[in-house]
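All residue numbers in this chain count up from 1 along the given sequence.
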Amino acid sequence: MTRPKDTGYTGTLTMLHTAVMTTGTDLRDVIGKGIEKLEASGQAAQETTTRAVVDELSRMRTNLREARDRLTTGGETLSVFSVATDRVTPVWLR
C-alpha cells in the first residue's frame with residue numbers, strides 16, 4: 001500500500017520536525033565551539049599566571065639568598081633583640 005502524498009498537516013509537521021532537529025544540531029555545534037574557545041582561553045590564562053608566579057618566586061628566592069649572603073659576610077644580625085644577662089633588651093635601647 002502506498003502512502004498518500006503529504007497533506008497540509010503532515011507536510012507542516014515534517015517541516016517543523018526538520019527545522020527543530022536542524023536547529024538542535026546547529027546549536028550543539030555552536031555551543032561546542034564556544035566551550036572549546038573557553039577551554040583554550042582558560043588554559044592560556046593559567047599558563048600566563050603560572051609563569052608569572054614562578055618568575056616572582058624565583059626573584060624572591062634570589063633576593064632572600066642575597067640578603068642571607070650579605071648578613072653572613074657583613075656580620076649583621078637578624079634579631080632586633082639582644083640578650084643581656086637574664087633579660088632581653090631591644091637593640092635600639094642598648
Side-chain angles (χ1 to χ4, degrees):
M1 180 181 248
T2 61
R3 196 167 172 188
K5 284 277 190 197
D6 289 339
T7 59
Y9 293 118
T10 306
T12 302
L13 286 175
T14 302
M15 285 190 296
L16 179 62
H17 178 267
T18 304
V20 168
M21 295 306 290
T22 303
T23 302
T25 303
D26 292 345
L27 277 173
R28 199 172 311 121
D29 292 343
V30 168
I31 290 172
K33 289 177 185 175
I35 289 173
E36 288 172 2
K37 287 181 183 177
L38 282 174
E39 287 175 345
S41 174
Q43 288 174 349
Q46 183 177 5
E47 290 171 3
T48 301
T49 303
T50 300
R51 256 185 264 115
V53 168
V54 167
D55 291 346
E56 184 61 27
L57 285 174
S58 176
R59 280 190 291 273
M60 290 173 69
R61 278 192 295 269
T62 300
N63 290 342
L64 184 61
R65 216 175 288 118
E66 289 173 356
R68 182 197 62 203
D69 293 345
R70 280 194 312 266
L71 287 172
T72 56
T73 59
E76 300 174 32
T77 62
L78 289 174
S79 177
V80 294
F81 293 101
S82 170
V83 178
T85 62
D86 59 344
R87 65 174 195 223
V88 177
T89 308
V91 172
W92 58 87
L93 293 179
R94 287 191 292 164

- Item | Which residues share a side-chain hydrogen bond (donor to acceptor under 3.5 Å, both in side chains) with Arg65, sequence neighbours left out |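 Applying side-chain hydrogen bond (donor to acceptor under 3.5 Å, both in side chains) to Arg65 gives none.
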- With sequence neighbours excluded, tell me which residues meet side-chain hydrogen bond (donor to acceptor under 3.5 Å, both in side chains) with Glu56.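 If we apply the side-chain hydrogen bond (donor to acceptor under 3.5 Å, both in side chains) test to Glu56, skipping adjacent residues, the hits are Arg59.
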- Task: Would you please name every residue forming a side-chain contact (heavy atoms from CB on, under 4.5 Å) with Thr22, sequence neighbours left out?
- Result: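 Expected list: Thr18, Asp26.
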- Query: What pairs with Arg28 under salt bridge (Lys or Arg N to Asp or Glu O under 4.0 Å), at least two apart in sequence or on another chain?
  - Reply: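 Counting only residues at least two positions away or on another chain, Arg28 forms no salt bridge (Lys or Arg N to Asp or Glu O under 4.0 Å).
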- Hey, what do you get for OG1 (Thr10) to CE (Met15), rounding to the nearest 0.5 Å?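 These two atoms lie 11.0 Å from each other.
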- Item | Inter-residue atom distance His17.NE2 - Leu13.CG, 0.5 Å rounding |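 Here the rounded value is 10.0 Å.
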Identify all side-chain donor-acceptor contacts of residues 36-51 below 3.5 Å with residues at least two apart in sequence or on another chain.
residue	atom	partner	partner atom	Å
Thr48	OG1	Ala44	O	2.9
Thr49	OG1	Ala45	O	2.9
Thr50	OG1	Gln46	O	2.8

- Task: Could you tell me whether the side chain of Thr23 and the main chain of Ala19 form a donor-acceptor pair under 3.5 Å?
- Result: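 Yes, the answer is positive, given that a donor and an acceptor are paired below the 3.5 Å cut-off.
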- Query: What's in the same ILVMFWY side-chain cluster as Val20, cut-off under 4.5 Å, chained through other members?
  - Reply: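 Besides Val20, the hydrophobic cluster comprises Leu16, listed by chain and residue number.
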